[in-house]
Structure formats: structure tokens, C-alpha cells
Amino acid sequence: MLVSAKDMLQKAYEGKYAVGQFNINNLEWTKAILLTAQENNSPVILGVSEGAAKYMCGYETIVGMVNGMMKELNITVPVALHLDHGSYQGALDAMAAGFSSIMFDGSHYAIEENIAKTTEMVKLTSEKGLSLEAEVGSIGGEEDGVVGKGEVADPAECKQIADLGVTMLAAGIGNIHGKYPENWAGLAFDALEAINASTGNTPLVLHGGTGIPEEMIKKAISLGVAKINVNTECQLAFQEATRKYIEAGKDLEGKGFDPRKLLNPGFEAIKATVKEKMELFGSINKA
Ligand code: G3H
Ligand code: ZN
């Protein structure tokens, strides 16, 4: 059964580890992430961007696929199905379809409007027992059409949003979606410390989890980050493994063209990436 992310994130915040949000794109992605979570006794969050939802034929298809898969694979670890960077309408649609967790990303609005819309979202999600993530400041780069300027969040604004009763807060701290550039300045730890101090016990979310050095991940967790989002890294791992398979001509040998064989190296590569992240985040055996 899908669960809200609230309990798993409070436990992570208190226990100084982080739960991974891994974005899904299709059946193989979903199966790889769920099996890895189960094999490692780790809680997990399946992230779905609005673009990926459209690709997978909509929220209802995703809810059906995830629920069916959890039942048939006997997944017993806590799993939240989370809308990633949701718009107001996307949040309503995902909630109606049965998502157990919602991100309403109001970071591109002026803070007053972000507060007003997030307030409505707190009401709607809490009525249904769902968890809610909000965003202040912005994440640099682009993910599925969501473009951010990379503004570092203001701790006072973070407090205003946290005080509304959101489950978790994504704050821009110099993090970027996609690959980090060579000249990246690193995470803004002074800002993170101030945000953690101003937001009470609200678990913080680190977006752009692809390619952040290990020491920075560990420091971020020590300063209140309890959820880390990873998307691009699974895509790169899938691409590299699939490329090797094809370049080695394996798709031309025997039944190597069968999609169940062709997609398998990429599937295994996603599993390995997810396991590596769960080890780094400290969520193994925390289910
Ligand atoms: O919302 C999803 C993420 O923030 C993932 O970022 O693609 O850089 O890993 P990433
Ligand atoms: Zn993100």
C-alpha cells in the first residue's frame, strides 16, 4: 500500500539520514527502484514529473501500475508515490488519481502568491492524509520543462512556508538539475544552516541529487536534509548500459533484440545506481 512520506521523512530527519526520491519513466524504472528498495529494506519515494506523467499516459495509469506492481512483487517497505515539481492543476489531478504525496512548486511565484497557493495545498493534502512538499528559492537548470534561476532561498521566507504546515521543504541552496558544470560553486551550506534553524523540525529536500560529491551529501544531511531527489543519474546509467549492449552487437545475437533482453542491462544499471544512493543517503535497513 502506498503511504504518505510524512513518517519516513520525520524518522529520517531525526535519525540524520535521507530517503531517496527516484524519478520514474516507465515500467522498468519503477520495477528497478521498488525491487532495490525491498532488497535493501529501505523506504523509498517514487517521483513523477508532469512530463513523465504525460509520457506514461497519465496519473491513473501510474497509480494502477505502481499499486499492481507492489502487490505482485510483494513490496512491503514504505513507498510514497510523489508528484515532482507539480503545478496547481497537476497537484489536483495527481491527488484525484491516488498519489500519496504531492509537491506543489510555487517557487516561480512571488512569495505572497506562493504562500497563498501553498496554504490551499496544505488544506487539500491534509484532508486526504497526503504529504506535501513546497519550494522556496529555486533550483538551477531545467528538468522536464521546469526551468529555475538557481536563487538561494531566504530563510525568513522558508519559515513562512514551513509554518503553513508543509511536510517537507525544498529550498534552493545552489543546487542544479542535471549535470553540474565544472565551475559549480558547490552547495550554499551557510544558507542551508540558516534555513534549517528557521524552519523548526521540517525535513528539508535536496533537489538535483545527480553528481553532488559524497562529502557535500553527508554535510547536507547533517544540516537537516532528509529527502534527496535523483533523476538524471539513473537516466545516464540506463543510457550507458544500453549503449554498451548495442555497441557490443548483443542485440543482433540470438534473441538479443527481444525488449526483455535489450532493456535488461539498463534495468540492472538503475538498480545499481539506486542501491549506491541508498547506501550514501543512509536509508538501508530503515524501512
Ligand atoms: O526533482 C527531481 C530532481 O531534483 C532530480 O535532479 O536530475 O539532477 O538528479 P537530477
Ligand atoms: Zn527537482
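As a basis for the values below, the full set of heavy atoms in this structure was taken, side chains included, without hydrogen atoms, waters or symmetry mates. Whatever order the structure lists them in is the order used to number ligands and atoms, beginning at 1.
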Original post:
Taking NZ, NE, NH1 and NH2 as the nitrogens, is one of them in K123 or E127 under 4.0 Å from a carboxylate oxygen of the other?
Top reply: yes

Original post:
Do H177 and H85 make the cut of ring centroids closer than 6.0 angstrom?
Top reply: yes

**OP:** Tell me which N, O or S atom of H85 sits nearest to the Zn ion (ligand 2).
**Re:** NE2

Subject >> Ion pair check, K219 and E215, cut-off under 4.0 Å >> reply: no

Original post:
Are N23 and N229 close enough that a side-chain donor and a side-chain acceptor fall under 3.5 Å?
Top reply: no

Subject >> From V48, I176, L236, T210 - option closest to atom 10 (P) of ligand 1 by heavy atom >> reply: T210

Original post:
For residues D105 and S107, is any side-chain donor paired with an opposing acceptor at under 3.5 Å?
Top reply: yes

Original post:
In terms of residue, atom name and distance, what is the protein heavy atom nearest to atom 7 (O) of ligand 1?
Top reply: T232 OG1, 2.5 Å

**OP:** State the atoms of ligand 1, each with its element, that fall below the 4.0 Å cut-off from a heavy-atom position in H85.
**Re:** 1 (O)

**OP:** Measure the distance from atom 3 (C) of ligand 1 to every protein heavy atom, then report the residue, atom name and distance (to 0.1 Å) of the closest one.
**Re:** N229 CB, 3.4 Å

Subject >> Close aromatic pair by centroid cut-off 6.0 Å: W29 and F267 >> reply: no

Subject >> Pair F99 and Y59, ring centroids less than 6.0 Å apart >> reply: yes

**OP:** Flag the pair E39 and K271 as a salt bridge only when some basic side-chain nitrogen lies within less than 4.0 angstrom of an acidic carboxylate oxygen.
**Re:** yes

Original post:
Which ligand 1 atoms, with their elements, are less than 4.0 angstrom from a heavy-atom of H177?
Top reply: 1 (O), 3 (C), 4 (O), 6 (O), 8 (O)

Subject >> From the candidates I228, V230, D84, L206, the one that places a heavy atom nearest atom 1 (O) of ligand 1 >> reply: D84

**OP:** If you have a sec, work out which protein heavy atom is nearest atom 4 (O) of ligand 1 and how many Å separate them, to one decimal?
**Re:** G208 N, 2.8 Å

**OP:** Just jot down the ligand 1 atoms closer than 4.0 angstrom to any heavy atom of G209, in number order.
**Re:** 6 (O), 9 (O)

Original post:
What is the closest protein heavy atom to atom 8 (O) of ligand 1, and at what distance does it sit?
Top reply: G178 N, 2.8 Å

Original post:
By atom name, which N, O or S atom of H207 is the nearest to the Zn ion (ligand 2)?
Top reply: ND1

